[in-house]
Amino acid sequence: MIPDHYWRILRNWYFLIGGFALACALIAAAVLPSLLNGGDRGYSSSVTLGVTRMVSFSGTTAAGQGDSEAMASYTTSIAERGSSPQFISTLKDALAAEGVTLNGDPSFTANEGLFRITIEATADVPNDAQVIADTAAEQLIADTTAEEGRIALSLTSTSDQQETELLARLSVVYADRLDRLLELNEPDVRKALEVWIGRGVSASLSADYVRLVEDVARLSADPQLAVLNTEAEALESQLAEISAARRDFSTELLQGDPVSIVTPAETVLFAPGTTLKARDSAVMGLLVGLVLGWIGANMLESMQLNLRMKKHRDEEWDTSLSSAGSLFSDD
């Protein structure tokens, strides 16, 4: 059972409670959706990039041909570069030159399985969103291409320097080895030649010659010749590795950009992540209004009760004064 006191408040102040509820419902329906939904709708533009190859200091790895794990890691590193403060700062400068202001940083999402990077930019104007996405894609492609160029230049210059040093050293070793051979006794050399011919000369004359010198060094018991022969063989092996690395890596293979646009910019109107309907807002406002109205009604009811009690006390005081005055007048 509801106490009579509460019924009396409802009867006396129903218009106040209803007014509060109606006002709050209207205000909530008009204001809350725009506040909680992030204001006006914006535009989203996305560009998808494809990573076609990577260049490391050990050579070139291309998607589908090289190490897929390395390509996946490389794709992630490019996406992380796009989120770096340095990249965002450069992007802001590039957009400022085009008259576009970057209010929110674009997002860079890497798909390691497909070697793809999705760039998404948002703006209040569709053209601005597309310009931001396109500029970010162009800048990311330019940065990756420049990095590849620096690595390729370093690889080329390093291999050239190594080859020059190895050839110079090999020339000296060849000369020293020949001098040692000329100093040996003729019978030792003749015997080694007989053993070499007995084995049969193969297509690899360089390897056959190394074995010949090994036989001469063994027959003559000359440790210095053996050392020179081993060093020459090691230098030849290093030069062969450099030559093979050059065949595997060549700037002629680096045609086009290492990162390219797979899907051009697509711009769409997007809805805010949080959507609050006007009807739901009105219900929330109605409940809040009922609570506020009930509180206000209780306060006004208390004020009226206090006023009635004060008025009643004043009337009793006036009556007491009138009675006292009558007694004095009778005397």
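The figures here come from the full heavy-atom set of this structure, side chains too, leaving out hydrogens, waters and symmetry mates. Quick caveat: nothing in here was measured; it's all calculated off a predicted structure.
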Candidates Asp143, Thr76, Thr144 - the one meeting side-chain hydrogen bond (donor to acceptor under 3.5 Å, both in side chains) with Arg81: Thr144
Gap separating the CG atom of Leu102 from the NZ atom of Lys92, nearest 0.5 angstrom: 6.0 Å
Spacing of OG1 belonging to Thr135 relative to CD1 belonging to Ile119, to within rounding of 0.5 Å: 10.0 Å
Exercise: do Glu120 and Ser45 side chains pair donor with acceptor under 3.5 Å: no
Taking every non-hydrogen atom, the tightest pair across Tyr43 and Val125: CD1-C, 4.0 Å
Closest non-hydrogen atom pair, Val47 against Ala133: CG2-CB, 3.8 Å
Nearest-0.5 Å distance, CG of residue Asp257 to CD1 of residue Ile141: 6.0 Å
N/O donor-acceptor pair under 3.5 Å between Ser171 side chain and Leu167 backbone: no
Straight-line distance of Asp134 CG to Ile261 CD1, nearest 0.5 Å: 6.5 Å
Contact check, side chains of Thr267 and Ser44, non-hydrogen atoms, under 4.5 Å: no
Spatial distance of atom CD1 (Ile132) from atom OG1 (Thr101) [nearest 0.5 Å]: 8.5 Å
Worked check of side-chain contact (heavy atoms from CB on, under 4.5 Å) between Val51 and Arg116: CA-CA 6 Å; Val51 182; Arg116 297 287 188 268; over 6 Å; no
Sub-6.0 Å ring centroid separation between Phe87 and Phe108: yes
Spacing of Phe115 atom CZ and Met54 atom CE [to the nearest 0.5 Å]: 10.5 Å
